[in-house]
Amino acid sequence: MSVDVLVVGAGPTGLTAALDLARRGVRALVVERSDALFPGSRGKGIQPRTLEVMDDLGVLDAVRAAGGPYPVGMVWQDGERQGEHRMFDETDATEAAPYAGGPWMVPQWRTQEILLARLAELGESVSFGRELVGLSHDSDGVTASFASGPPVRARYAVAADGGRSAVRRALGVGMTGETVDPGPTLVADVRIGGLDRDNWHVFPPSDGQGFLAICPLPHTEDFQLVAGFPDPEAVPDLSPEGVRKLVAARTHLSPDDVREVRWASDFRPRAALADRFREGRVFLAGDAAHIHSPAGGQGLNTSVQDAYNLGWKLGAVLRGGADASLLDSYEAERRPVAARMLGLSTGVHRGEVRRGAATQQLGLGYRDSPLSAETRAGLPEEALRAGDRAPDGSRGGVRLFDAFRGPHWTLLAVGTDTPLPELPGVRPVRIPAYEAYGTGVFLVRPDGHVGWAGATAEGLTPYAAAVGAAPGLSA
């Protein structure tokens, strides 16, 4: 069997990659070793920047309908409410950042269902029960073999198969990192009585035991339970009876209040970064490339944005005639972002950093990327530059996110009548001056970042040809 791209892993990363490729007409095969999607709620926080990605992919309405804002924390001691605890520093949505304000809570299993449903709408699916057992690559492509089923030959492959990535191990790519917390953490989805669904219930450590927190999951009957174990030698009991005993030991609830344990897992919080994000025609994305403490709510979000960054570049090379060197920018852009987010997650876990504007990921950009071309000089410090996230806003009857939505590039003229070149496949948009942009000409990438910026369009066409923005345009 031969495909354009083999995607290994059907978590949020792999599904996002496949979805982005499908809307570009790229044939991708998604293989998943399990017989079904991941069943747990683990990565439940979708940050504002990822909501923008979901908007572009056509699933924002479904994500919003499936989730809700994070509840206020309620601290308990000896069966009594001690007071509220704000988990996040509040920020306000703005015209330029309409989804700012905090993460949107959706259980990971539900996010995956939404992405899979959208993938099916585009005519693609996931091949479940396909465990990778071998992988080789050469100058022309990748060959993968599986425990069952025929081998697959692909022009490129994306490793989205998690922190224990079989693809990463097959490639011999190492990971460098540290243990964030020496003790294990248990996470489970439970149905429980005796607690309201209006608060995130927090039970601080006492008598040598670790913390325990129980958070209601919106639009479900479930709560997510998270418990830390200070003893590095501890082995959490994941059985339903073990979870019930844990709840009874650390809260005022009885074992019988835990009516059902739907899923349980344990892990040791780590921060680790792959030594490289690419090996030939194979790209590492998501947990295969970086492992976060869940405290900062950055892992799933950074992972989805890896796939979003890589998808348009693979599409440009495979369908848009872009030179394969464009793919070199994936590691150049995403590895520094992953390193920064790992530091943030670790800081939040250790109580050194509050969850606030930085965790929303709206300020991340690629100013130092080889794809960022800023041709203006003397810009003020606060000015939007090439590499930055392109803000939303409505001017002249145009909402910018509506104009950007889709797999195309957008040529945006703001507050200027300067002539614009005709670029095949690029959507031209003119709006009046807008403070989020100032004035000028901006070529906005398919992933919503400014690629090229200038006072006029002089020099834009060679850039567009070089990055494959306009199929058929000669460099």
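Since the model is a prediction, treat every value here as computed from it, not as a measurement.
Ring-plane geometry between Tyr366 and His449 is classed as tilted, the angle between the planes lying from 30 to 60 degrees on a 0 to 90 degree scale. Taking the six-membered ring where the residue is Trp, His292 and His290 present perpendicular rings, their angle passing 60° and hence far from 30°. Taking the six-membered ring for Trp and thresholds of 30 and 60 degrees, Trp409 and Tyr463 have ring planes more than 60 degrees apart, a perpendicular arrangement. Ring planes of Tyr330 and Phe277: tilted class, angle from 30 to 60°.
Counting heavy atoms from C-beta outward, Lys313 and Pro446 have side chains that stay 4.5 Å or more apart. Looking only at side-chain heavy atoms (C-beta outward), Arg191 and Asp222 come within less than 4.5 Å of each other. Between Pro98 and Arg399 the shortest side-chain heavy-atom distance falls below 4.5 Å. At least one side-chain heavy atom of Val426 sits less than 4.5 Å from a side-chain heavy atom of Leu443. Tyr156 is listed as a side-chain neighbour of Leu327, based on a closest heavy-atom distance under 4.5 Å. Residues Met105 and Cys215 are in side-chain contact: their nearest non-hydrogen atoms beyond the backbone lie under 4.5 Å apart. Under the 4.5 Å side-chain criterion, counting only non-hydrogen atoms from C-beta, Val26 is in contact with Val5. Val247 has its side chain within reach of Ile192: a pair of non-hydrogen atoms, C-beta onward, lies under 4.5 Å apart.
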Worked check of salt bridge (charged side-chain N to carboxylate O under 4.0 Å, His left out) between Asp237 and Lys245: CA-CA 9 Å; Asp237 185 348; Lys245 289 180 178 179; over 6 Å; no
From CA spacing to verdict: side-chain hydrogen bond (donor to acceptor under 3.5 Å, both in side chains), Thr50, Gln361: CA-CA 8 Å; Thr50 307; Gln361 299 201 355; 4.8 Å; no
Derivation and outcome, salt bridge (charged side-chain N to carboxylate O under 4.0 Å, His left out), residues Glu333 and Arg445: CA-CA 14 Å; Glu333 291 185 344; Arg445 300 171 8 167; 2.7 Å; yes
List the steps and the verdict of side-chain hydrogen bond (donor to acceptor under 3.5 Å, both in side chains) for Ser41 and Gln108. CA-CA 5 Å; Ser41 66; Gln108 182 174 322; over 6 Å; no
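Just one of Leu15, Val304, Leu37, Val63 meets the side-chain contact (heavy atoms from CB on, under 4.5 Å) condition when paired with Leu115; it is Leu15. Checked against Tyr308 for a side-chain hydrogen bond (donor to acceptor under 3.5 Å, both in side chains), the options Thr16, Asp447, Asp56 give a single hit: Asp56. Between Leu60 and the options Asp55, Ile114, Val53, a side-chain contact (heavy atoms from CB on, under 4.5 Å) holds for only Asp55.
No more than 12 heavy atoms of other residues, nucleotides or ligands shown are found within 6.0 angstrom of CZ on Arg340.
Applying the salt bridge (Lys or Arg N to Asp or Glu O under 4.0 Å) test to pairs two or more places apart or on separate chains, those with a residue in residues 127-145 are Arg33-Glu131, Asp138-Arg153.
Atoms NE2 and CG, from His219 and Leu217 in turn, are 11.0 Å apart once rounded to the nearest 0.5 Å. Atoms CZ and CG, on Phe146 and Leu132 in that order, are 5.5 Å from each other to the nearest 0.5 Å. Between atom CG of residue Leu21 and atom CG of residue Leu314 there is a gap of 6.0 Å, rounded to the nearest 0.5 Å. In this structure, the separation between CZ on Arg118 and CZ on Arg23 is 8.0 Å, given to the nearest 0.5 Å. A distance of 5.5 Å separates CG of Leu460 from CG of Leu411, quoted to the nearest 0.5 Å.
Between Arg278 and Glu331 there is no salt bridge, since none of the side-chain N atoms of the basic residue sits less than 4.0 Å from a carboxylate O of the acidic one.
Applying the side-chain hydrogen bond (donor to acceptor under 3.5 Å, both in side chains) rule to Thr251 yields no partners; only residues at least two apart in sequence or on another chain are considered.
Considering all non-hydrogen atoms of both residues, Pro205 and Phe211 come closest at CG-N, 3.8 Å. Taking every heavy atom of both residues into account, Phe128 and Ala36 meet most closely at CE2-C, 3.6 Å. Here the closest non-hydrogen pair linking Gly311 and Asp20 is CA-OD2, 3.6 Å. When all heavy atoms of Ala338 and Leu273 are compared, the pair lying nearest together is CB-CD1, 3.9 Å. For the pair Thr13 and Ser303, the tightest heavy-atom approach, listed with the atom from each and the gap, is OG1-CB, 3.1 Å. Closest approach of Val337 to Gly365, counting heavy atoms only: CG2-O, 4.5 Å.
No donor-acceptor distance shorter than 3.5 angstrom exists from the side chain of Arg268 to the backbone of Thr185, with no hydrogens or angles considered. Between the side chain of Asp231 and the main chain of Glu233, a donor-acceptor pair closer than 3.5 Å is present. Formation of a donor-acceptor pair under 3.5 Å by the Asp392 side chain with backbone atoms of Phe401 is found in this model. Glu52 contributes no side-chain N or O that, together with a main-chain N or O of Tyr99, makes up a donor-acceptor pair within less than 3.5 Å. Checked by atom type and distance alone, the side chain of Asp287 never pairs as donor or acceptor with a backbone atom of Gly162 at under 3.5 Å. In this structure, the side chain of Arg244 does not engage the main chain of Val261 through any donor-acceptor pair within 3.5 Å. Looking only at distances, no side-chain donor or acceptor of Asp266 sits under 3.5 Å from a matching main-chain atom of Pro236. Proximity of a side-chain donor or acceptor of Arg281 to a complementary backbone N or O of Ser139 within less than 3.5 Å is detected. With hydrogens and angles disregarded, no donor-acceptor distance shorter than 3.5 Å links the side chain of Arg367 to the backbone of Asp388. Side-chain atoms of Arg168 come within 3.5 Å of backbone atoms of Ala288 as a donor-acceptor pair (strictly under, hydrogens ignored).
Because its NZ or CZ atom is not both nearer than 6.0 Å to the ring centre of Phe442 and within 45° of the ring axis, Arg389 does not count as a cation-pi partner of that residue. For the pair Arg64 and Trp104, the distance from NZ or CZ to the six-membered ring centre is under 6.0 Å and the angle to the ring normal is within 45 degrees.
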May I have the list of side-chain donor-acceptor pairs in residues 464-472 shorter than 3.5 Å, sequence neighbours left out?
none

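A side-chain donor-acceptor contact under 3.5 Å links Thr91 and Gln360. Ser34 and Glu32 are linked by a side-chain donor-acceptor pair at a separation below 3.5 angstrom, with hydrogens and angles left out of the test. For the residue pair Arg42 and Ser265, a side-chain donor N or O sits within less than 3.5 Å of a side-chain acceptor on the partner. A side-chain donor from one of Asp275 and Thr176 sits under 3.5 Å from a side-chain acceptor of the other.
Proximity of the aromatic rings of Trp263 and Trp109 is defined here by a centroid distance below 6.0 angstrom, and this criterion is not met.
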